[in-house]
Structure formats: structure tokens, C-alpha cells
Engineer: 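One structure coming up, written as C-alpha cells, with questions to follow.
Small disclaimer: the values here were computed from a predicted structure and weren't measured. Residue numbering restarts at 1 for every chain, and letters A, B, ... go by the order of the sequence lines.
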Amino acid sequence: MGAIRRIGSMQDSAHAALLPPAYDPAAVEQKIYAFWERSGCFTAGRDPGKTPFAIVMPPPNVTGSLHLGHAWNNTLQDIIIRYKRMAGFDALYLPGTDHAGIATQTRVEKTLREESGLSRYDLGREAFVERVWAWKHRFGNLITNQIRALGASCDWSRERFTLDEGLSRAVRKVFVDLYREGLIYRGQRIINWCPRCATALSDIEVEHSEVQGTLYYVRYPLVNGEGEVVVATTRPETMFADVAVAVHPDDDRYQKMVGKRLRLPLTDREIPVIADSYVDPEYGSGCVKITPAHDPNDFEVGLRHQLEMPQCIGPDGRLTAWAGPYQGLTREAARAQVAADLAAQGYMVKEEALTHAVGHCSRCETVVEPYLSEQWFVRMQPLAEPALAALARGELRFIPDRFEKVFVHWLENVRDWCISRQLWWGHRIPAWYCTDCGGVTAAVDEPQRCEHCGSERIHQDEDVLDTWFSSALWPFSTLGWPDETGDYARYYPTHALVTAYDILFFWVARMVFTGLKFTGRMPFREVVVHGLIRAADGRKMSKSLGNGVDPLEVIDRYGADALRFTLTTGTSPGNDQRFAFEKVEGSRHFINKVWNAARFVLMNVPEGTELPALDRSRWELPERWILHRLNETIDAVTRYLDRYEFGEAGRVIYDFAWDDFCDWYIEFSKLALYGDDEARKQQVRAVLVCVLDTLLRLLHPFIPFVTEEIWQSLPLPGEALVTAAWPRVQPEWDHPAAAREAAAVMELVRAVRNLRAELNLPPSRAVPLVVHAQDDAWQTLFAANAAAIRRFCNVSTWQLTLAGEAPAQAVSAVTSGAQVYLPLAGVVDVATELERLRKEQVRLASELERAEKKLANPQFVAKAPAAVVAAEQAKADDFRTKLAALAARMELFRRV
RNA sequence: GCGGCUGUAGCUCAGAGGGAGAGCACCACCUUGACACGGUGGGGGCCACAGGUUCGAUUCCUGUCAGCCGCACCA
């Protein structure tokens, strides 16, 4: 990043002590993001020698605003990208936005209506589309700026929009190629129609939800007056488009009816009784009215029996001329009216309450109308099959893997995809119709003449493509495909795709089969699936409930890092999480803790300090232990990140930072820093800086802002943390013995603190401490750490010997390697002390019993791994030693 | 109907074939020279239930119950 130097922040203060004791994210986040962007460190491809690693961002709606789902999704992606960047990859995080056909068009139409009372038709297509573009230019960078506020390290120089010229060309090419191969066709079919949006929808844009309805049993009399059939229907208003009544061919009750003619009530029309095995004789009356234009199953029946397909409901959801006097009524009004009239005229046999699932528009919740119309479709089976085969070959990994099953099931049962939308905002279908020969010309570039007859009298299809049609190409269209660009060659296939499970079918499946079809490869190797974010009470966040939380508000109040850390530690693979402000508060506290640990280090490493190299020979127990723990932490975080276990990774560093570094090591370090051994002081400073440096690196992908801010203040080479190297385990830091020894020292300290607390001794009161070490080795250890023990426990006089005569008037505890006594004449109550010891004895005895029982089991000794048996043996020994000491102690007390 | 997820401390949730964990909340004490967005100590759980596999199950398998979510739906 050449000319860009560090931002200059903490180190500008005269002294770290002048830094505010509470971290203020608002003061630094924008400055740091600007620094990152300016430095070019997010731009991929600057070092061709590095291995590429690419993630494409799931494009949010260009005129939408960030919600917590986006925040979560982008945080996880950014963690991966930042980690990979630090680990030496040429990391590309490709951002962009989606034109979101229906949503955006609806939004602009609404404003138009509010501002001028005009509809899009009043304006005309061209003017309206212009308006949408104006809207896009006005609000289009809102969401991308919000993604910046979150800290996402996107390569903005490669930002894409689904309606960009390049991407549009990719869309047209895919359409034309599929059309020529017969994989896209146009046909008269029943599709899902939203009367409010006035457009066709694909199957997955329909949400089925249970509705309380009525099953009407209606008499259809025979024309000859010799009887009747009773049909059951939930939609009597469609009867004007009935063309038959079907019964099962084997249904004895109705066999004689087949072929007879019925008179349709409320009309003068006659319709036949037909036989079709689609009818379930068990359900309802066993007679089904057939309405091919208004029901997908009836449509199939209609095709089989070559029936007419009249429509009695129009695209606006109102009854048509076919409904005679009912024309113009809405579906709902017509249903009520028809039911009432049928009843009044004696056709209604009965009405039964019925709950059934009804399709609703996923966008506006209007009841979807199965509607017969001419639409464009993608033939799915030939595309799904190669995808299934590739999945079976293991070319795509789902994390967690259970989502593969859902995915496969969907692909196995997928139906043709309706891709035409009766909208104006989107990619216009690249198909032209010839007025003369009626032929269709599909072309990437606007054709001058019909490719069938050469006529120039051609006009383009009015409709646009489903937005997901362009999203399906996103991983390669954004990289330049169909051109063989450098980016496409270098970054495609991308590596990981991070997404919530709710768009697996909408988006992931479609990228998979178009990717395979057009690039010959899976567009990504791994799909990292996360869940949905819910309100604190577990309900979905929604506009109607008013329980949505604006991530920008969270960022304002707590900082982007706190939001990120909350979302990250709340992640468990594939599962939903609940959002609560208390959690964000917890994250903010953690960030503040890190901030203050840094303040401590800086205050003790004055400007200009020349830090010595780490020198293992000069380390004492705290240094050996903390670096050993740091190694374990580096290893764990790296492994968890490699497995996309974000929550666990975050938790592991949290524990290290707070418990090990802050609570213990910093406290240990004070002994040296406030002492007067200059050489040791320098070594401890070096260790402090090293641990803090490493900790910041490990934390950076999770909480990038605060870590960058702190890191640039440290006396270290390098310009920015964002491009610093990811830590590696240092074999020379490994020190299992130190881990055990430190554990014993800490256990001793805790035991003394516990005694003090139980005696209600205020921390300010120094107490005498007697320690009896179990053997020479333990004695050496405790002697070496006497200063720490004395400081941590506020000890006045200190006596460390090998086990010997115990002070009588004392409270005591048994720890690994030692017995500790607080000889406090007058404070000790023999009865309470005995009771305390007895409770401890009971606890230890039960532990020992458990261990001994295990060890006494020959099967356990024979079959369990040796290490497990040895560990159990060691535990038992430890318990026995402690119990013996305890028994001796109690004996002494009884004699007093 | 088919498939999946969840059930662990008061709450929110991790976890893992071998001594039950965190955060918040709670109790007690503490303005110690990084931090009260803090420190120290503490209480609290037959890990939903019943079987099975195993030397050993809270963890793996089967079933039951409860909550949730997909997919498919017959009017």
C-alpha cells in the first residue's frame, strides 16, 4: 500500500494513559474504514503470486436497506475473507446488488402514485423505467454504505449490479443458448399469478399457509332430469369455468353417470361427466368439478380429455364475462355471492369448515391465483440431472452437510421454472415475434429481422425475466463471463458461498445448475449455510410485528465490532439465532476489555522503548504458560475457522483474551513491571506486546475496527493489521509442563481467595499464609511464584515449607501439591471449620469413589485407551492425597 | 403425508464417547496504579422421557413426548 502510512490514532495521544478508559467506536470506525479503502488493501489481484480465494456476496436488493440477516451473512463472509487475506491468499470479496424486479418496481409505483396519482401505465414503459433508474441512483448506494459501516472488506472496485451491461449480456446469452437448445420454451400453462403484483410467479415464490375455508357441496343436476351429482369445492366462484365433472373410472357409484350431461347451476351451460383416475373416490363426494383454467390438476385433466379452457377470473382477480352477472366481482365477493345464490336456489347440499393450505404471494401475501397464460419456462429436468450427478460425485460440500439432503430432494422433484414476469423493471426477454410469420427470434443483440422469414416487422416480448434468472449467473457474470476475462480465469470457480438456508432453492440451486451448464464447473466448492435471525422472543422479525431491529441503530449504539461479535458468537452451524441487545452489550464489554488490555500494555511500553527479542531462557512460569496457551489458541481458532465454526472460534479467543491474558497474565506481569529487574521488565514487555499482537491478529477477522485501531499504536513493524500475517503455532512456545504448573499455582491462589471470602475477610486485610508443599518439586514451584501468590492473595507473612506441623488455629484447604493454612487466631471457629472440611471431604470422596470404581473395572482397564486410564489413575491419586491431608487436618481439629 | 431442526442452570445458548460449560440474571465482598463496559468469591442443572449399542452415553442408534421449520398436497 506504498504511500499510505498508518492512520495515526492512539499513538497520537501523548501517552496511553490519556486514552479514554472506554472504547468509543463512533470515533474511529469511519476513519479506519476510509483508511482501508484508501490503502487499496481490499482490492484483489495485487499480488499474482498469491493463491486466489473468492467469495461473491449474495447481492442485496439495490434499493433496500440492511437488516440483521444481511449483517450476519456479511459478517461471516468478511471473517472468512479477512482470515484468508491474512493467511496469505489473494482474497476477493466481490460485492454487488440485485435489481429486485417486483420489490423495486412496486416501491417506485407506490411513490409515483403518492406523488402524482399516476400509474406506471400513465407514464409509459420508457418513462417509468427511467424513473426506476433515477430511484436506483438515488438510493442504490444506501445499502452498500451500510455494508461498509459493518466493516465488510469488499473489493468495491469490482462492485456489480445485476442490470449492468456485462451482466445483462450474460443473461441474454444464457437465455438464447437455452432457448436454442430447447431448454427454454414458451407455453400456455397454469402458473401462479399474483393479481396485486399483476405478474406470474415461480413455484418457490408462493408460500403456502393454512387458511380457514369452506368445502361447499353443490348439486349439479343431470340435463335429463334423472338425478344429479354432488361436487365438493372450496372455490365455487370458479364454477363458471367448469367444463366437466370427473369421477373415478372404477367408482361403482358413478359409472352409469359417465358420459351423461349436467346442467351447470346459475348458468345455462351443459357439461359432461367424465372418468379420470386422478379423482380420489374417498375424498368429498367422489365427484370433482373440472376447471382447467383455474386449477393445475384440472388443467392436466383438461389436456387429457381435450376440454375447453375458459377463464372466469381475469388477471386483476375479478370475474370475467364468463361469469355472466357476476362479472366484475372480486374473487372473494364472488365466492360469497355464488355460495349464497346456490343456497337460495337449492343447489347447496351442505357446507363444511375446512382448513387447507392456500398459496400466497411471498412478496405481498395476496392469495395467488392459478392462472392460465402464455409464459416462458426453463425445462428443469435436463438441468437438474447433471447437478444431481455432480453432487453425487461430491463436487459441492454443504456446511453443515444435512442441507445437502434438502437440496437434493428439491432438485429431484423440481418442476419447470416460470421465468417471465409481467414487469417493466428487469432484463427484458430477448425474444422477438414476427408479425408476418409468427416466428420467434431469440438473440443476444437486438435483431433487425425475423430469422425465419426475414421480415423486419418484429417486436420484442414485453415481459422481463425473473430476477433470480440473473442472480443464477452471479458467480460468473460478475467476473466477466461470457468473456474470458482475467478475473474469470483467476477467481472462478469461487471458493465458499455463504448464505442463509432460506434461499437455497431460490438462489443456490439455480447457480449450481446454470454454473454447471455454462461454465462446466460448480460455481463454488462449499456452501456455508447459516440460519435466520429472530427477535429476542424467538419470533420472526417482521415489519407487521414491528419487532425488527435496524443494524445501523445497533452500530450507532454499540459499534460495528460489537454487532459483528454478537452475530458471530451466536452462530452455530445452520441454526437460527435470537437477537437481544443484552448480547450486544456483552460483546461491547468484551471489546472494551480488549481495549483496556491494550491500554495497559501501552502504558507499560513507553514510546521509544526498544523491545528485546523473545528469549525463552529468560521466561518465568507466567511467560511459559501464556505463550503455551497462546499456541493452543492459535491452533484452535485456525482449526475452527477452517471448519467454518465461527461461534466456537469466537468463543475460544474470548476465553483466552479475558480469562488467560487479562485475568492472569496481565496480573502476573505487574510483578515484573513494578519491580526493578530491568532485564526481566523488558522481557515481560516483549511478551506482553507479542501476546497482544497475536491476540489482535486472531481477533481481527471478528472485530476488525478496534483491533486495527489498537494494533497501529503498537511498536511493531508493518503498516496495518488488515494485511498482517495470520499467526502460526510456534513450536518453541509449547510447554505442557508450564500449563500444569500454572494450573497448580492458580488453584492455590483460588483456594486462598476462597478461604478469605468464606471468612468474610475484606481484600484490604492482609493475612498470614502458611503453605506446606507436598514435595521438593512443588516447593520449588511455589517458591518461584511466591511473589505472585502473595500479591494475588494479599498475604502479609508467608511461610513455605515441606509438609510439617500444621498450625492449629487455622483454616485450611488442600490443593494440588500443597496444603494452605490461614493461621488466624480468633477468627477461626472450630465447628464451622470442621463442617467446611467435612463438606470438602464428602466431595472428594465421591470423586475418588467414581474414579476407583472405574479403575476397578477390568473391562475399563483393558478396553479404554491407555491415556484415559492413566488420566483416571492420576486423578485418583490426586484425590487420595488430598483426602489424606484433609483427614489429618480434621483429626488435628478434633483434638483441639 | 415426507424430510429436517430443537429440547442442557432462572433466561439466551455452546459443547463433546471418558471428571456438566459460557454470557446474562442472582447472592456476598471490593473504587487494588488497564478496565465498575471492572475485580474476587459463591449458589444454581436425574443434559425432555424410555429402550439399545459400549468397559463407559448428557454425547451414538431406535422409539415416545413437546416446540419449530421446510417440501408436497385431494376438490
Engineer: Which pair of heavy atoms, one from A353(A) and one from Q212(A), lies closest together, and at what distance?
Structural biologist: CB-OE1, 4.4 Å
Engineer: Rounded to whole angstrom, note down the P distance from U6(B) over to A75(B).
Structural biologist: 32 Å
Engineer: Can you identify which nucleotide, out of A75(B), G70(B), C37(B), has its nearest atom closest to the Y278(A) side chain?
Structural biologist: A75(B)
Engineer: C2(B) P sits how many Å from N413(A) CG, rounded?
Structural biologist: 15 Å
Engineer: Before accepting this row, confirm whether a basic side-chain N of the pair D878(A)/K875(A) lies closer than 4.0 Å to the acidic partner's carboxylate O.
Structural biologist: no
Engineer: Find the runs of at least 3 consecutive base pairs, i with j, i+1 with j-1 and so on, that include RNA chain B, using Watson-Crick or G-U wobble geometry with both distances under 3.5 Å.
Structural biologist: B:1-7 with B:65-71, B:10-13 with B:21-24, B:26-30 with B:38-42, B:48-52 with B:60-64
Engineer: One thing to verify: whether R843(A) and E847(A) come together as a salt bridge, which I'm taking to mean a side-chain N less than 4.0 angstrom from a carboxylate O.
Structural biologist: yes
Engineer: For T566(A), check side-chain contact (heavy atoms from CB on, under 4.5 Å) against everything at least two apart and list the hits.
Structural biologist: K583(A), V584(A), S587(A)
Engineer: Using whole Å, what does the distance between atom P of nucleotide C68(B) and atom CG of L532(A) come to?
Structural biologist: 16 Å
Engineer: Looking at E352(A), I'd like to know if its CD atom is crowded, meaning that more than 12 non-hydrogen atoms belonging to other residues, nucleotides or ligands lie closer than 6.0 Å.
Structural biologist: yes
Engineer: Please tell me whether D693(A) and W711(A) have a donor and an acceptor in their side chains that are separated by less than 3.5 angstrom.
Structural biologist: yes
Engineer: With C1' as the reference atom in both, quote the distance from G7(B) to G45(B) in angstrom, rounded to an integer.
Structural biologist: 14 Å
Engineer: Have a look at A580(A) and say if it touches a base, only the backbone sugar-phosphate, or nothing, with a 4.0 Å heavy-atom cut-off.
Structural biologist: nothing
Engineer: U40(B) and A25(B): how far apart are their P atoms, nearest whole angstrom?
Structural biologist: 16 Å
Engineer: Determine whether the side chains of Y674(A) and N604(A) contain a donor N or O and an acceptor N or O closer than 3.5 Å.
Structural biologist: no
Engineer: Measure the distance from NZ on K863(A) to P on A57(B) and round it to the nearest whole Å.
Structural biologist: 14 Å
Engineer: Between F792(A) and F668(A), does the ring centre distance come in under 6.0 Å?
Structural biologist: yes
Engineer: Are E849(A) and S846(A) close enough that a side-chain donor and a side-chain acceptor fall under 3.5 Å?
Structural biologist: no
Engineer: Applying a 4.0 Å non-hydrogen cut-off, can you work out what P858(A) is touching in the nucleic acid: base, sugar-phosphate, or nothing?
Structural biologist: nothing
Engineer: Relative to the ring of F702(A), is the ring of F565(A) parallel (under 30°), tilted (30 to 60°) or perpendicular (over 60°)?
Structural biologist: perpendicular
Engineer: Atom pairs, N/O to N/O, protein against nucleotides 41-47 of chain B, distance under 3.5 Å?
Structural biologist:
{"from": "G42(B)", "atom 1": "OP1", "to": "N754(A)", "atom 2": "ND2", "distance (Å)": "2.9"}

Engineer: In whole angstroms, how far is the C1' atom of C5(B) from the CG atom of D401(A)?
Structural biologist: 14 Å
Engineer: In whole Å, measure the gap between the P atoms of G51(B) and C13(B) for me.
Structural biologist: 30 Å
Engineer: For atom C1', what is the distance between A66(B) and A28(B), given to the nearest Å?
Structural biologist: 39 Å
Engineer: Polar atoms only, N or O, under 3.5 Å: list the protein pairs with nucleotides 30-34 of chain B and their distances.
Structural biologist:
{"from": "A34(B)", "atom 1": "OP1", "to": "K670(A)", "atom 2": "NZ", "distance (Å)": "3.3"}
{"from": "A34(B)", "atom 1": "OP2", "to": "Y674(A)", "atom 2": "OH", "distance (Å)": "2.8"}
{"from": "A34(B)", "atom 1": "O2'", "to": "N596(A)", "atom 2": "OD1", "distance (Å)": "2.5"}
{"from": "A34(B)", "atom 1": "O2'", "to": "R599(A)", "atom 2": "NH1", "distance (Å)": "2.6"}
{"from": "A34(B)", "atom 1": "N7", "to": "K670(A)", "atom 2": "NZ", "distance (Å)": "3.4"}
{"from": "A34(B)", "atom 1": "N6", "to": "C662(A)", "atom 2": "O", "distance (Å)": "3.2"}
{"from": "A34(B)", "atom 1": "N6", "to": "E667(A)", "atom 2": "OE2", "distance (Å)": "3.2"}
{"from": "A34(B)", "atom 1": "N3", "to": "N596(A)", "atom 2": "O", "distance (Å)": "3.2"}
{"from": "A34(B)", "atom 1": "N3", "to": "A597(A)", "atom 2": "N", "distance (Å)": "3.4"}

Engineer: Do T499(A) and F403(A) make a side-chain contact, defined as non-hydrogen atoms from C-beta onward lying under 4.5 Å apart?
Structural biologist: no
Engineer: Taking atom P in both A34(B) and G39(B), compute the distance separating them and give it to the nearest angstrom.
Structural biologist: 13 Å
Engineer: Might you list the N or O atoms of the protein lying below 3.5 Å from N or O atoms in nucleotides 14-16 of chain B, with each pair's distance?
Structural biologist:
{"from": "A14(B)", "atom 1": "OP1", "to": "S572(A)", "atom 2": "OG", "distance (Å)": "2.6"}
{"from": "A14(B)", "atom 1": "O2'", "to": "E648(A)", "atom 2": "OE2", "distance (Å)": "2.4"}
{"from": "A14(B)", "atom 1": "O2'", "to": "R651(A)", "atom 2": "NH1", "distance (Å)": "2.1"}

Engineer: Report which part of the nucleic acid R578(A) touches: base, sugar-phosphate, or nothing (heavy-atom distance under 4.0 Å, all strands).
Structural biologist: sugar-phosphate
Engineer: Between V206(A) and P296(A), which has a closest nucleotide on RNA chain B that is more 5'?
Structural biologist: V206(A)
Engineer: Going by the rule salt bridge (charged side-chain N to carboxylate O under 4.0 Å, His left out), which residues pair with R651(A) if we only count those two or more places apart in sequence or in a different chain?
Structural biologist: E648(A)
